[in-house]
Amino acid sequence: MHKISEATSYIQQQYPTQPLFGIILGTGLGSLVNEVKIDKSINYQNIPHFPISTVESHSGRLIFGTLGNAKVVVMQGRFHYYEGYTMKEVTFPVRVMKNLGITKLFVSNAAGSLNPAYELSDLMIINDHINLQPDSPLRGANLDPMGPRFPDMSDAYDRELIGQAMEIAADLRIPCRQGVYVSVPGPSLETVAEYKYLRVIGGDAVGMSTVPENLVARHMGLPCFAVSVITDLGVPGKIKKINIDDVIAAAKAAEPGMTQLMKQLIARQ
Ligand code: HPA
């Protein structure tokens with residue numbers, strides 16, 4: 001708890017204004033930041049106890065500013081379990097953002113498709129998840145002041161936000177799916193047999209993030225909205241060798257739509 005308080009106090013000394021919404025941007029999906037009127041940007045390395053990004057495609061800083069009419073805090077660069085962080089480190093920034101005062105969390109990520117109807121660069125609003133991560137950020141002593149020992153997960157992704165996002169996507173004529181996200185530890189991608197298995201157990205898309213952050217958000221009662229960009233197809237017959245450049249290119253193609261969707265959704269809150 002004291003690490004969370006120390007990081008929060010440091011940030012509040014640098015930037016005293018309370019952000020209302022927290023945003024975490026996934027691989028290749030950073031351009032929402034260009035829509036933010038930036039007041040202050042703080043490098044992760046300057047914040048006490050903050051982990052530091054190691055993946056090249058993520059730059060690490062917290063950005064404070066205004067999006068639409070709302071004060072937001074944006075994580076430019078997130079942490080993944082495969083980088084070697086503990087789950088508590090991966091989710092530390094979500095605890096801090098909640099302590100800073102955010103009331104809703106918005107997340108994007110890159111994911112492989114499992115649903116055969118999906119195409120490259122499609123958007124999928126996450127309406128539920130399956131957690132295949134090997135550890136939970138909630139394991140160990142419960143942070144009682146932050147939330148219950150056994151958090152309910154029947155409302156993991158806020159239904160009202162999903163409904164609003166579907167309306168906005170329809171208005172903007174952005175093709176948008178809804179589905180179940182499976183979170184795996186990575187960093188290797190799936191074998192063909194694993195993609196098939198993840199489909200059989202009920203997944204529509206698979207990726208290496210988002211669920212740890214969602215668990216911590218829900219532990220603290222923070223409503224969460226998350227959307228995946230389909231960056232590769234994990235459907236038998238469509239599976240190709242993956243490289244990070246293709247993933248980023250597919251994410252880039254979807255980025256304008258994703259950015260508009262997030263921006264308008266946040267403007268509605
Ligand atoms: N599998 C797991 N994680 C991913 C994928 C995938 O196919 N694409 C982007 N992140």
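Along the sequence shown, residues carry numbers from 1. Reckoned from all heavy atoms, side chains included, excluding hydrogens, waters and symmetry mates.
With no hydrogens or angles considered, no side-chain donor-acceptor pair links Ser183 and Asn131 at under 3.5 Å. Inspection of the Arg149 and His219 side chains reveals no N or O donor paired with an N or O acceptor under 3.5 Å. Looking at Ser113 and Asn115, their side chains never bring a donor and an acceptor atom within 3.5 Å of each other. Side chains of Gln164 and Gln269: a donor on one and an acceptor on the other come within 3.5 Å. Side-chain contact, Ser31 with Glu255: a donor N or O sits under 3.5 Å from an acceptor N or O.
With rounding to the nearest 0.5 angstrom, the OG1 atom of Thr259 is 11.5 Å from the CD atom of Gln264.
Other residues, nucleotides and ligands contribute only 12 or fewer heavy atoms inside 6.0 Å of the NZ atom of Lys3.
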Notebook entry, point to check: For Tyr195 and Leu189, what are the C-alpha separation, side-chain angles and deciding distance, and is it a side chain to side chain contact (heavy atoms under 4.5 Å, CB included)?
Noted result: CA-CA 9 Å; Tyr195 278 124; Leu189 288 132; 4.2 Å; yes
Check: Can Val107 and Arg78 be said to form a side chain to side chain contact (heavy atoms under 4.5 Å, CB included), step by step?
Finding: CA-CA 10 Å; Val107 182; Arg78 63 137 64 98; 2.9 Å; yes
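The aromatic rings of Phe92 and His49 sit perpendicular, their planes meeting at an angle over 60°, well past the 30° parallel limit. In this pair, Phe79 and Tyr44 present their aromatic rings tilted. The plane angle is within the 30 to 60° band.
Judged by distance alone, the side chain of Asn43 and the main-chain N or O of Gln45 form no donor-acceptor pair under 3.5 Å. For Gln133 (side chain) and Val184 (main-chain N/O), a donor-acceptor pair under 3.5 Å exists by modelled atom type. Listed for the Thr103 side chain is a donor-acceptor partner under 3.5 Å among the backbone atoms of Leu20. Formation of a donor-acceptor pair under 3.5 Å by the Asp232 side chain with backbone atoms of Ile239 is not found in this model. Of the possible polar contacts, one joining the Thr231 side chain to the Ala111 backbone as a donor-acceptor pair under 3.5 Å is found. With Asn214 contributing its side chain and Ala156 its backbone, the two residues share a donor-acceptor pair below 3.5 Å. Remark: side-chain polar atoms of Lys238 are paired, donor with acceptor, to backbone N or O of Pro116 under 3.5 angstrom.
Heavy atoms only, all atoms of each residue included: Ser136 and Met87 are closest at C-CB, 3.9 Å. Of all heavy-atom pairs spanning Val229 and Ala254, the tightest one is CG1-CB, 3.4 Å. Taking each heavy atom of Val211 and Tyr181 in turn, the nearest pair found is CG2-CD2, 4.0 Å. In terms of heavy atoms, Arg95 sits closest to Met146 at CD-SD, 3.6 Å.
In this structure, Asp204 pairs ionically with Arg199, as a charged nitrogen and a carboxylate oxygen lie closer than 4.0 Å. Here Glu190 does not pair with Lys196 in a salt bridge; the nearest charged N to carboxylate O distance is not below 4.0 Å.
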Considering only distance and modelled atom types, tabulate donor-acceptor pairs under 3.5 Å from the side chains of residues 63-71, sequence neighbours left out.
residue: Thr66; atom: OG1; partner: Lys71; partner atom: NZ; Å: 3.0
residue: Lys71; atom: NZ; partner: Asp39; partner atom: OD2; Å: 3.1

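When the side chains of ILVMFWY residues are joined at heavy-atom separations under 4.5 Å, either directly or via intervening members, Val235 and Ile230 end up in two distinct hydrophobic clusters.
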